[in-house]
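Structure, as structure tokens:
If you read the sequence from its start, that first residue is 1, and numbering goes on from there.
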Amino acid sequence: MIREGIKPTSITFSGVLNACSHGGLVDVGFDIFESMETEYGIKQRIEHYGCMVDLLGRVGRLQEAYDFIQKGNIAPDNIIWGSLLSACRIHKNFELGERVAKILLEYGAADSGTYILLSNVYASLGKFKEAAQVRAKLREEGVQKEPGCSSIEVKNEIHEFLLGDIRHPEREAIYIKLKELDDMLKSEDYAPATDVISQDIEEHEKKWALSIHSERLAICYGLISTKPCTTIRVVKNLLVCNDCHSVIKLISKITRRKIVVRDRNRFHHFDNGVCSCGDYW
């Protein structure tokens with residue numbers, strides 16, 4: 001654009017900074033962020049600050065991201081704080097994650113995702129009492145948790161699945177395939193990330209709760225209803241969880257299938273045990 005003499009706008013910089021974030025280009029991102037005002041006379045907006053927080057969060061520079069928010073010339077919103085909270089969960093910085101979540105709660109900017117993330121943070125620390133209290137507060141506040149739902153199109157027909165769904169006419173075959181995959185996953189040294197389950201229940205119950213997530217059921221149906229080597233495409237209304245992300249990578253390797261999952265944030269292209277997102281989403 002610059003070579004062609006086209007002046008960039010604030011929207012241009014949003015796109016470029018977002019690209020830097022997904023590419024892990026921290027230094028380049030900061031150079032571009034600073035150049036907005038110094039070279040182009042464009043004042044940074046909240047969306048540009050959000051991109052920088054996301055960029056720092058992706059590479060694990062969490063305290064730096066927190067300080068960047070505090071020192072910024074903007075009033076941070078729940079999206080920026082939520083981005084940092086998600087990064088804290090991924091990089092297992094639960095101390096900072098708890099601090100960020102409490103900021104969201106204090107400002108009344110918490111949505112259902114914030115409550116769930118905070119609950120998961122407590123669960124990861126083994127603080128099941130606190131996790132239960134957060135869930136109770138979610139109900140008291142009347143915040144509705146959107147149920148996870150995944151869909152897959154097979155032969156021009158949409159098939160929708162919820163957590164532990166048993167409504168599908170081919171449910172028996174789906175759960176047989178699920179059990180078959182679980183056995184294969186064990187040979188790949190897969191260990192379920194049960195620490196994300198906030199309820200204080202038995203370990204085998206946590207493993208079962210993870211195994212029946214909606215995207216896994218949709219993928220199982222795709223495996224039994226499409227030809228070998230066919231790409232499986234699934235759409236989910238929420239973010240795919242860490243455990244499912246790890247599992248789907250292994251499924252793509254075991255079955256030699258390409259699997260595309262569109263969650264709330266992005267497309268994940270799973271192929272031979274690797275995801276296009278680089279394990280950050």
Side-chain angles (χ1 to χ4, degrees), residues 8-125 127 130-131 133-135 137-138 141 143 196 198 239 242 264-266 277-281:
T9 67
S10 64
I11 296 174
T12 308
F13 282 104
S14 293
V16 174
L17 291 174
N18 189 50
C20 288
S21 176
H22 284 274
L25 304 175
V26 179
D27 293 336
V28 174
F30 270 99
D31 287 343
I32 293 172
F33 181 81
E34 296 296 337
S35 74
M36 288 179 63
E37 197 161 11
T38 59
E39 295 184 29
Y40 301 98
I42 299 174
K43 188 171 180 60
Q44 295 95 340
R45 298 180 180 176
I46 192 167
E47 58 265 31
H48 305 118
Y49 277 89
C51 288
M52 299 310 295
V53 171
D54 188 54
L55 171 53
L56 291 169
R58 284 176 183 273
V59 296
R61 289 160 62 169
L62 305 177
Q63 186 60 49
E64 191 175 341
Y66 180 83
D67 295 338
F68 182 79
I69 295 172
Q70 298 286 45
K71 296 174 183 177
N73 297 317
I74 48 98
D77 60 9
N78 63 316
I79 296 175
I80 287 180
W81 285 120
S83 172
L84 180 55
L85 179 60
S86 180
C88 288
R89 175 183 60 83
I90 290 170
H91 293 288
K92 300 189 184 301
N93 188 331
F94 300 123
E95 182 181 349
L96 182 58
E98 185 176 358
R99 198 190 320 166
V100 171
K102 286 181 177 178
I103 289 172
L104 281 163
L105 294 174
E106 288 170 6
Y107 281 94
D111 56 14
S112 62
T114 305
Y115 283 97
I116 299 305
L117 275 172
L118 180 56
S119 177
N120 290 342
V121 165
Y122 281 132
S124 299
L125 292 170
K127 296 182 177 180
E130 289 84 349
Q133 289 172 343
V134 172
R135 296 266 180 169
K137 186 173 178 61
L138 187 150
E141 297 286 337
V143 180
V196 303
S198 58
L239 286 178
N242 285 358
R264 176 170 282 182
N265 269 11
R266 63 182 296 160
C277 77
D279 296 338
Y280 195 107
W281 62 100

Tell me whether the rings of Tyr49 and Phe68 are parallel (<30°), tilted (30 to 60°) or perpendicular (>60°). tilted

Determine whether Phe13 and Ser35 make a side-chain contact, defined as any pair of heavy atoms from C-beta on separated by less than 4.5 Å. yes

Flag the pair Met52 / Asp54 as yes when at least one side-chain heavy-atom distance between them is below 4.5 Å, and no otherwise. no

Side chain of [X], backbone of [Y]: donor and acceptor closer than 3.5 Å?
X: His48; Y: Ser10; result: yes
X: Gln44; Y: Met36; result: no
X: Asp27; Y: Phe30; result: no

Surrounding CZ of Arg99 (heavy atoms of other residues, nucleotides or ligands, distance under 6.0 Å), is the total greater than 12? yes

Around atom CD of Glu95, are there more than 12 heavy atoms of other residues, nucleotides or ligands at under 6.0 Å? no

Could you tell me which non-hydrogen atom of [X] sits nearest to which non-hydrogen atom of [Y], and how far apart they are?
X: Gly29; Y: Leu17; answer: O-CD2, 3.5 Å
X: Leu55; Y: Cys20; answer: CD1-O, 3.6 Å
X: Tyr66; Y: Val100; answer: CD1-CG2, 4.3 Å
X: Leu104; Y: Gly82; answer: CD1-N, 4.2 Å
X: Leu84; Y: Ala65; answer: CD1-CB, 3.9 Å
X: Ile46; Y: Ala75; answer: CD1-O, 3.5 Å

In this structure, CZ of Arg61 is separated from NE2 of His91 (nearest 0.5 Å) by 11.5 Å

For the SG atom of Cys51 and the CG atom of Leu56, what is their distance to the nearest 0.5 Å? 11.5 Å

Decide side-chain contact (heavy atoms from CB on, under 4.5 Å) for Leu25 and Ile32; before the verdict, give the C-alpha distance in whole Å, the side-chain angles of both, and the deciding distance to 0.1 Å. CA-CA 11 Å; Leu25 304 175; Ile32 293 172; over 6 Å; no

Could you please spell out the steps behind the side chain to side chain donor-acceptor pair (under 3.5 Å) verdict for Thr9 and Thr12? CA-CA 5 Å; Thr9 67; Thr12 308; 3.3 Å; yes

Using the side-chain hydrogen bond (donor to acceptor under 3.5 Å, both in side chains) criterion, which residues pair with Glu47? Sequence neighbours excluded. none

